[in-house]
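Working notes, structure below.
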There are 2 protein chains.
Amino acid sequence: MAYYHAWTGKDMDRAMTHVADDIVCEAPTGRIEGVEGFRQFMAPFAQMLTSSDLITAFGNDETAVLMYNPHTTLVQDAPSAECFTVKDGRIVHSLLVFDRTPFDAARRATT
Amino acid sequence: MAYYHAWTGKDMDRAMTHVADDIVCEAPTGRIEGVEGFRQFMAPFAQMLTSSDLITAFGNDETAVLMYNPHTTLVQDAPSAECFTVKDGRIVHSLLVFDRTPFDAARRATT
């Protein structure tokens with residue numbers, strides 16, 4: 001939740017304090033390894049975010065699941081889910097699921 | 001979980017016993033209302049399913065979240081998330097998130 005609040009608040013420095021150096025993120029666009037790559041992946045998305053509604057959050061000491069509806073300048077509703085694996089208080093793995101289709105359509109429409 | 005096991009086992013009759021008549025499902029393709037429409041929406045997906053790995057499941061009496069990786073004849077890995085709202089033991093609302101992109105690409109490739 002601290003990670004979610006930080007990045008949706010566009011505070012990427014703070015967000016990355018919750019992320020392990022060797023994070024592995026499986027995203028629709030592919031696999032990202034390492035906190036620097038992960039930050040570069042998330043930053044543009046955070047930048048175009050206007051707000052985000054948290055739909056649900058569950059978790060225990062090792063695993064957390066968030067579903068949220070981010071509103072962006074490109075796509076108004078982009079329901080997303082993330083499953084985090086946490087070790088020593090940091091995210092070591094993230095499985096990110098969202099539908100790329102409306103983003104691709106919006107990008108095509110603006111170019 | 002009973003719903004998940006039923007539909008991934010391709011037992012749509014059994015799966016629908018866990019679904020309320022007036023279910024509302026928000027899927028990437030749009031909003032589906034009513035159990036008949038929902039069944040028609042899920043059946044083709046169940047049909048092309050070869051197996052499904054459950055990634056995580058959390059919930060309480062009212063809300064459940066599942067993340068799973070369905071393997072289908074069309075797309076090998078299609079990580080998906082569902083947030084269910086349950087009332088009187090039946091699913092009254094489902095928010096379904098998955099990436100349509102690989103499905104659309106596979107359909108284009110086969111036609």
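Because the structure is predicted, anything quoted here is derived from the model rather than measured. Here is how names work: the chains are called A, B, and so on, in the same order as the sequence lines, proteins then strands, and each is numbered from 1.
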For residues 51-70 of chain A, the salt bridge (Lys or Arg N to Asp or Glu O under 4.0 Å) pairs (sequence neighbours left out) are none
So CZ of A:Phe84 and OG1 of B:Thr56: to nearest 0.5 Å the spacing works out to 12.5 Å
The interface call for A:Thr101 against chain B, heavy-atom contacts under 4.5 Å, is both
Honestly, the part of B:Asp104 sitting under 4.5 Å from a heavy atom of chain A is side chain
Item to complete: Find out whether B:Pro79 and A:Leu95 are in side-chain contact, i.e. whether some heavy atom of one side chain is under 4.5 Å from a heavy atom of the other.
Response: yes
With chain A, the option among B:Thr63, B:Leu96, B:Asp77 that has the most non-hydrogen atom pairs under 4.5 Å is B:Thr63
For A:Lys87, does the NZ atom have more than 12 heavy-atom neighbours from other residues, nucleotides or ligands under 6.0 Å away?
no
To the nearest 0.5 Å, atom CD1 of A:Ile55 lies from atom CD of B:Glu26 at 8.0 Å
I'd like to check A:Arg100 versus B:Pro102 (side-chain heavy atoms, cut-off strictly below 4.5 Å). Are they in contact? yes
In short, B:Glu82 meets A:Met67 closest at the heavy-atom pair C-SD, 4.0 Å
Rounded to the nearest 0.5 angstrom, the CZ-SG distance for B:Phe58 and A:Cys83 is 7.5 Å
Tightest non-hydrogen contact, residues B:Asp99 and A:Pro28, listed as OD2-CB, 3.6 Å
